[in-house]
Peer 1: 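Quick one: the structure is below, and I'll ask about it shortly.
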Amino acid sequence: MSIESILTSAALQAVQNLYNTALTAQQIQLQSTKPEFEGDLTIVVFPLLKISKKTPEETAKDLGAAIQAATAEVSTFNVVKGFLNLSISEEYWIKSFSELNNSLPLQNDHAKKLMVEYSSPNTNKPLHLGHVRNNFLGYAVANILEAAGNKVIKTQIINDRGIHICKSMYAWMTWGNGETPASTQEKGDHFVGRYYVLFEQNYKKEQQALIAQGVSEKDAKTKAPLFQEASNLLRQWEAGDQQTVALWKTMNSWVYEGFEETYKKFGVDFDKIYFESQTYLLGKKIIEEGLAKGVFYQREDSSVWIDLTAEGLDEKLLLRSDGTAVYITQDIGTAVDRYKDFQVDGIIYTVANEQDYHFKVLFLVLQKMGYSFWEGLFHLSYGMVELPTGRMKTREGTVVDADDLIEEMIATAGQATEEKGKLSELNSTEKSEVVRKIAIGALKYFMLKVDPKKSMLFNPEESIDFNGNTGPFIQYIYVRTRSLLRKTAGEDLHYTISEISAKEKELIKKTGDFHNVVLEAAKLYSPAIIANYCYELAREYSAFWADHQILKSEDQNVRNFRIALSKTVGDTLAQGMKILGIEMVERM
RNA sequence: GAUUCCGUAGCUCAGCUGGAUAGAGCAACUGCCUUCUAAGCAGUAGGUCACGCGUUCGAAUCGCGUCGGGAUCACCA
């Protein structure tokens, strides 16, 4: 039983005895004592004054005396205003450390089968900074839910269908001269992306020419010959034209190969991939069913809509007047498909907050269609990554490419590592592996330490630091613990101790929080909670390291206890970082 | 305009289910490597928690309003 529940039930009993009142556990306000006061845990007695009918001080004293008498763990207490500070005996902390088990996953009696969707790119351009946050976040949340004892399926939906990919296709047909990623030595997604940009540039020129001739801006968009060609290609694709479909498959496969490479660098993976091209027809079918059921309605031009004005939203288009699918159509089909494939209890959609409205509508549509699984759907809405100049804009060339970013990080980390010069024992393959882990660790931690809901700033100029509240700092603290363990490998590390220092006690408390932190992170879908916990633990260990001798402790028992403590800190950090998708290194 | 998210140190962020004197990192300045990895530690300085009102014994935290910023409100995805 945790010390918190021991104290809570003792407090409840004390209130019962002293004031003859039965309270619930929630009415006992137990919190950890602020460092500037003596004690470990504090009960706030202000809420109890109405029952005690005494001053805060008297109430706290009565309660403190009763709790101390009833529990072996409480060694002493003091009262400051309405705060009852309870000191827990060192024996208790030593015992709880010896019994600590921070292994994962947690036992969960209410385990669920959950699907986490993330990444979900378009197949017409390479991944960028926005995808970086998305991927790290989605992957970490999947790990968190799994660590909390759930079954998790990682997935994405690939937007492989639509006018955007036709644009790249047409550009390649027109200007490609049959070149391929292999022939140009280019990464497939960058290769295809180049043609998409080429298309857009020429398309823009055509629009400007038309506008110069007096055509309205709106008409110019659709009347430009290139747009006509791309639309034509889309119609051919929808009609199943063999050549078009073949080219579509080829170009998409180039993109997938490129993506795969980037995902590998990200250190993320997927259990199941859905393609829009395979789900949009089901979406259309469901819309037709809904139309027949009267959930949706059709306008004179035969477009299909849902009226959500009663829910405080607008009317929303579900099917175009020409019967073709829009963005939400495939999402409806995909959700139903997923549910059928896996009978999941829930789907977590990792998608930026610019799509908050979209998901509100999507969930309502599914609810109104009578799919009971709509209750398990959750939009993990996260803030955009902004540059010092504001949002990334393709047109202004401010898009930060994911592959470039990672290369730069690795270069910077390599330089920093070289300057430290601590890897002389490693060969060059091992060295570059360490550098890679530090680089990715820095980037991931940077992205994940911020509350997902908040938009964040990324400054490429200043790049990412390796000091302070960073991934590499945590990796570094782990490295220290590993260094100790290497030096004592094979030794008998038994110990018996009866006293611990204040910093040792703090570390015991902190490592003991790990499972609760994981649960909290799972509840809030927030990797930031794990990241901040790891940082606090690492910082406390670092302070401990600075003013305690470990291997050189005179007393063998103290020495071995400190080694055990170091191991627990290291293992806990490694587990926390693993959840974030950050790998540890043995030396740095 | 409507809806929604946000506003904490010069900068980037914690803290937010109400609790004691609001915390870190970066940047600046001081110290600390002959001793277990200094990517570190210790310290100095830096705050009207956007503003106002309310609820409360108690508000950065909850409610209302004002100001400021982002996002969304497409037969785009």
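In what follows, chains are A, B, ... by sequence order, proteins preceding strands, each numbered from 1.
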Peer 1: Find the distance A/Lys218:NZ to B/A74:P and express it as a whole number of Å.
Peer 2: 13 Å
Peer 1: Using atom CZ of A/Arg562 as one end and atom P of B/C36 as the other, report the distance to the nearest whole Å.
Peer 2: 16 Å
Peer 1: Applying a 4.0 Å non-hydrogen cut-off, can you work out what A/Ser483 is touching in the nucleic acid: base, sugar-phosphate, or nothing?
Peer 2: base
Peer 1: May I ask whether A/Tyr535 stacks on the base of B/A24, given the cut-offs of 5.5 Å between ring centres and 30° between planes?
Peer 2: no
Peer 1: Once you apply a heavy-atom cut-off of 4.0 Å, does A/Met456 come out as touching a base, just sugar-phosphate, or nothing?
Peer 2: sugar-phosphate
Peer 1: From B/A39, B/C13, B/A20, pick the nucleotide closest to the side chain of A/Phe466?
Peer 2: B/A39
Peer 1: Taking the P atom of each, how far is B/A50 from B/A60, in whole Å?
Peer 2: 10 Å
Peer 1: Taking the six-membered ring for Trp, does A/Phe37 stack with B/A20 (centroid gap under 5.5 Å, planes within less than 30°)?
Peer 2: yes
Peer 1: Between C1' on B/A24 and CD on A/Glu540, what's the gap in Å once rounded to a whole number?
Peer 2: 12 Å
Peer 1: Applying the 5.5 Å / 30° rule, does A/Phe46 stack onto the base of B/G19?
Peer 2: yes
Peer 1: Looking at every strand, decide which applies to A/Thr470 at a 4.0 Å heavy-atom threshold: base, sugar-phosphate, or nothing.
Peer 2: nothing
Peer 1: In plain terms, say whether A/Asp189 and A/Lys125 are close enough for a salt bridge, that is, a side-chain N and a carboxylate O under 4.0 Å apart.
Peer 2: no
Peer 1: Remember a base hit wins even if backbone is also touched, and classify A/Tyr357 as base, sugar-phosphate or nothing at under 4.0 Å, heavy atoms.
Peer 2: sugar-phosphate
Peer 1: For atom P, what is the distance between B/G10 and B/C53, given to the nearest Å?
Peer 2: 24 Å
Peer 1: Could you give the CG-to-C1' distance, from A/Leu49 to B/G58, as a whole number of Å?
Peer 2: 11 Å
Peer 1: So what does A/Val44 touch, heavy atoms closer than 4.0 Å: a base, only the sugar-phosphate, or nothing?
Peer 2: base
Peer 1: Taking the nucleotide of RNA chain B with the closest heavy atom to each, which residue, A/Tyr476 or A/Lys454, is nearer the 5' end?
Peer 2: A/Lys454
Peer 1: How far, in whole Å, is B/G19 from B/U61 if one measures between their C1' atoms?
Peer 2: 11 Å
Peer 1: Taking the nucleotide of RNA chain B with the closest heavy atom to each, which residue, A/Glu536 or A/Lys360, is nearer the 5' end?
Peer 2: A/Lys360
Peer 1: Rounded to whole angstroms, how far apart are CG on A/Leu387 and P on B/U12?
Peer 2: 13 Å
Peer 1: Could you tell me whether A/Lys503 and A/Glu540 make a salt bridge, using a distance below 4.0 angstrom between a side-chain N and a carboxylate O?
Peer 2: no
Peer 1: Just the rounded figure in Å: distance from P of B/G58 to CD of A/Gln29.
Peer 2: 15 Å
Peer 1: So for atom CD, which belongs to A/Glu418, do other residues, nucleotides or ligands contribute more than 12 heavy atoms lying within a distance under 6.0 Å?
Peer 2: no
Peer 1: Measure NZ/A/Lys523 against P/B/U17 and give the value in whole Å, please.
Peer 2: 10 Å
Peer 1: Can you establish whether the number of heavy atoms outside A/Gln26 located under 6.0 Å from its atom CD is more than 12?
Peer 2: no
Peer 1: Is it possible for you to check whether A/Arg161 lies under 6.0 Å from the centre of the six-membered ring of A/Phe275, through NZ or CZ, and within 45° of that ring's axis?
Peer 2: no
Peer 1: The side chain of A/Ile438 lies closest to which of these nucleotides: B/C73, B/A77, B/A39?
Peer 2: B/A39
Peer 1: Is A/Pro56 touching bases, backbone alone, or none of the nucleic acid, heavy atoms closer than 4.0 Å?
Peer 2: nothing
Peer 1: Using a heavy-atom cut-off of 4.0 Å across all strands, would you classify A/Arg587 as base, sugar-phosphate, or nothing?
Peer 2: base
Peer 1: Need one value for A/Gln475: base, sugar-phosphate or nothing, where a base atom within 4.0 Å counts as base even if backbone is also close, heavy atoms only.
Peer 2: nothing
Peer 1: Base, sugar-phosphate or nothing for A/Asp547? Non-hydrogen atoms, less than 4.0 Å.
Peer 2: nothing
Peer 1: Taking only the side-chain nitrogens and oxygens of A/Lys487, find out if one of them lies under 4.0 Å from OP1 or OP2 of B/U37.
Peer 2: yes
Peer 1: Roughly how many Å apart are B/U55 and B/A39, using the C1' atom of each and rounding to a whole number?
Peer 2: 49 Å
Peer 1: Thinking salt bridges, do A/Lys509 and A/Glu506 make one under a 4.0 Å N-O criterion?
Peer 2: yes
Peer 1: I'd like to know if the side chain of A/Asp331 pairs up with that of A/His358 as donor and acceptor (distance under 3.5 Å, no hydrogens or angles considered).
Peer 2: yes
Peer 1: With sugar-phosphate meaning primed atoms plus P, OP1 and OP2, does A/His358 contact a base, only sugar-phosphate, or nothing at under 4.0 Å between heavy atoms?
Peer 2: nothing
Peer 1: Hey, does the side chain of A/Arg391 come within less than 4.0 Å of B/A71's phosphate (OP1/OP2), counting only N and O?
Peer 2: yes
Peer 1: Taking atom CD of A/Glu433 as the centre, does the number of heavy atoms from other residues, nucleotides or ligands within less than 6.0 Å exceed 12?
Peer 2: yes
Peer 1: With respect to the side chain of A/Gln355, which nucleotide from B/A77, B/U21, B/U37 is positioned closest?
Peer 2: B/A77
Peer 1: Check every atom of B/U37, B/G19, B/G40 against the side chain of A/Asn467 and return the nucleotide holding the closest atom.
Peer 2: B/G40
Peer 1: Which of the following nucleotides, B/C41, B/A20, B/C13, is nearest to the side chain of A/Leu457?
Peer 2: B/C13
Peer 1: Given that both distances must come in under 3.5 Å, which nucleotide forms a Watson-Crick or G-U wobble pair with B/A9?
Peer 2: none
Peer 1: Could you state the CZ-P distance from A/Arg539 to B/G15, rounded to the nearest angstrom?
Peer 2: 14 Å
Peer 1: Taking the side chain of A/Met588 as its heavy atoms from C-beta onward, which of B/A39, B/U21, B/C41 lies nearest to it?
Peer 2: B/A39
Peer 1: Name the nucleic acid region contacted by A/Asn85, choosing base, sugar-phosphate or nothing; use a 4.0 angstrom heavy-atom cut-off, strictly under.
Peer 2: base
Peer 1: Is there a side-chain polar atom (N or O) of A/Arg320 under 4.0 Å from OP1 or OP2 of B/A74?
Peer 2: no
Peer 1: Over all strands shown, is A/Thr42 touching base, sugar-phosphate only, or nothing at heavy-atom distances under 4.0 angstrom?
Peer 2: base
Peer 1: Considering every strand and a 4.0 Å limit on heavy-atom distances, what is the contact class for A/Glu586: base, sugar-phosphate, or nothing?
Peer 2: base
Peer 1: How would you label the contact of A/Gln26 with the nucleic acid (heavy atoms, under 4.0 Å): base, sugar-phosphate, or nothing?
Peer 2: nothing
